2 protein chains.
Amino acid sequence: MAETTRPMRRQDIRRENEKAILLAAEKVFAEAGFGGATMQLIADLAGLPKANLHYYFATKEELYRSVVQNIFEIWLQAANCFDAARGPVDGISAYIDAKMEISRRHPDGSKVWASEVMHGAPVLQDYMESTLREWTDGRVEIIRRWIEEGKMDPVDPRHLLYMLWATTQHYADFGHQIETLNGGKSLSDRQWREAKENIKRVILTGIGAQPA
Amino acid sequence: MAETTRPMRRQDIRRENEKAILLAAEKVFAEAGFGGATMQLIADLAGLPKANLHYYFATKEELYRSVVQNIFEIWLQAANCFDAARGPVDGISAYIDAKMEISRRHPDGSKVWASEVMHGAPVLQDYMESTLREWTDGRVEIIRRWIEEGKMDPVDPRHLLYMLWATTQHYADFGHQIETLNGGKSLSDRQWREAKENIKRVILTGIGAQPA
DNA sequence: TTGCATCCTGACCGTATGGTCAGCTTTCAG
DNA sequence: CTGAAAGCTGACCATACGGTCAGGATGCAA
């Protein structure tokens with residue numbers, strides 16, 4: 001840790017504290033849900049007094065909103081891989097890799113997102129009706145084109161997307177279950193690789209994807 | 001409603017009230033999470049005074065535990081279809097149908113289960129380490145045998161199971177997202193049928209399942 | 001009819017939580 | 001150097017929540 005007693009710039013202070021709070025909040029919200037999370041717990045984890053949280057984020061809702069929006073952006077970002085692809089093999093492989101990497105590196109974020117959606121997306125409804133819908137429609141169109149071009153079987157694009165989302169996020173959201181069934185140990189590098197390869201293989205074979 | 005002023009038997013009273021409470025609790029826990037749910041809300045939804053809840057279920061935890069255990073049993077029950085099957089086509093088809101039916105008929109239960117696992121299974125850890133593990137090991141063995149008998153490609157059985165769980169439960173847990181992307185409407189009979197068929201087709205094709 | 005076990009509930013309690021605020025310290029532009 | 005703005009925080013408050021309980025109502029066996 002480069003944390004000497006060196007004086008900090010105002011800007012740095014703000015940035016670092018917000019970052020610490022958001023990180024702590026993500027973890028606590030993921031572990032306890034919105035209702036179960038307490039500002040005190042988040043404060044303790046961030047190493048700050050509770051009142052300091054309210055200095056940066058006026059209310060619990062505002063903090064939660066920030067956490068969820070952060071995740072949503074990471075989530076959408078994984079989509080880029082999808083676009084540049086020449087065909088289903090490239091595109092879907094890259095997307096699965098990206099989403100699995102998110103599940104592995106940001107399991108807390110994934111859980112918060114899942115929780116948000118499960119509770120009816122009280123915070124993100126707007127985003128779902130605009131950004132997410134546009135994103136989805138775009139990918140549906142790409143898949144439809146692939147089908148027309150004979151690059152894959154005529155599978156319903158929406159259900160295919162749901163399958164991709166479900167399968168990849170499962171490794172984050174149900175990570176605890178997977179660990180338990182893995183003898184209480186988290187998946188090794190090798191097991192993660194196997195997971196990715198199995199998913200890719202089953203889905204790509206399942207949709208009859210033709211190398212572009 | 002067959003609720004006339006007819007006097008009730010003691011037995012009936014107990015059974016009906018417990019049922020009403022469990023139903024209301026399932027819904028509230030699903031919508032708000034354990035932390036966000038309040039006994040008052042559950043009581044209101046069940047049409048009973050809050051104190052009456054505590055007559056039947058001493059604590060919030062005890063009520064929650066009952067709800068979660070109920071779901072776990074329904075969940076395991078869907079496994080039977082899997083066993084009697086002669087091969088992967090029959091077995092996995094039946095399992096997908098059963099789990100999709102659960103997602104459609106018990107979305108709240110599915111959400112509570114998901115929530116429980118996401119939060120580290122504080123209540124169900126024992127079950128996961130015993131019942132769930134045994135169940136899983138059994139199915140893994142069946143799948144392994146199918147592979148040996150050449151009835152399907154050599155896919156990792158565990159990752160295949162995760163894929164089945166993820167894909168089917170997604171329609172309950174992320175039902176709100178799916179509805180939003182469906183123009184705000186819940187899926188029609190036809191759309192549910194299409195969902196099932198797409199899933200079955202992709203997975204069965206993906207694992208190279210041979211009709212037994 | 002009687003007595004008892006079960007069922008029911010309004011009123012109450014202690015605690016934990018989200019949020020506030022007055023007043024302190026620190027940074028930094030001028 | 002100085003003053004104002006930004007950052008910080010212990011102490012405090014109102015509320016909401018889980019849970020309790022005394023005592024009334026109701027079903028039922030004998």
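Because the structure is a prediction, the values reported are computed rather than measured. Reminder, nothing fancy here: chain letters follow the sequence lines and each chain counts from 1.
- Residue whose closest nucleotide on DNA chain C sits further toward the 5' end, between A/F34 and B/N17: B/N17.
- Atoms NZ (A/K50) and P (C/dC21) sit 14 Å apart, rounded to a whole Å.
- Taking atom CD on B/Q40 and atom P on C/dT9, their separation rounds to 13 Å, with Å as the unit.
- In the model, A/Q40 has a side-chain atom that pairs as donor or acceptor with a side-chain atom of A/D44 under 3.5 Å.
- In this entry the distance linking CE of A/M39 with C1' of C/dT20 reads 13 Å, nearest Å.
- As a whole-Å value, the separation of A/R14 CZ from C/dT26 C1' is 15 Å.
- Under the 30°/60° scheme for interplanar angles, the aromatic rings of A/W135 and A/W75 are found to be tilted.
- Ring geometry for B/F174 against B/H170 counts as parallel: the plane angle stays under 30°, on a 0 to 90° scale with 60° as the upper cut.
- Between B/H54 atom NE2 and D/dG19 atom P there is a gap of 4 Å when expressed in whole angstrom units.
- Residues B/S93 and B/K200 come closest through the heavy atom pair OG-CD, 3.6 Å.
- The A/P49 side chain lies nearest to D/dT9 when the options are D/dT9, C/dG18, C/dT9.
- Between the P atom of C/dT20 and the OH atom of A/Y56 lies a distance of 18 Å, rounded to the nearest Å.
- No engagement by A/A43 is indicated, since no non-hydrogen atom pair under 4.0 Å with the nucleic acid exists.
- When the nucleotides C/dT17, D/dG7, D/dG19 are ranked by their closest atom to the side chain of B/E61, D/dG19 comes out on top.
- For B/A51, whose side chain is taken as the heavy atoms from C-beta onward, the closest listed nucleotide among D/dG19, C/dG10, C/dT17 is C/dG10.
- Note: B/H119 NE2 to A/H176 NE2 = 12.0 Å, rounded to the nearest 0.5 Å.
- The distance between atom CG of B/L63 and atom P of D/dG19, rounded to the nearest whole Å, is 10 Å.
- The listed nucleotides are D/dC8, C/dT17, D/dC17; the one nearest the side chain of A/T38 is C/dT17.
- The interatomic distance linking A/Y55 (OH) with C/dT25 (P) rounds to 17 Å, in whole Å.
- Among the atoms of the strands shown, none is found under 4.0 Å from any heavy atom of B/F57.
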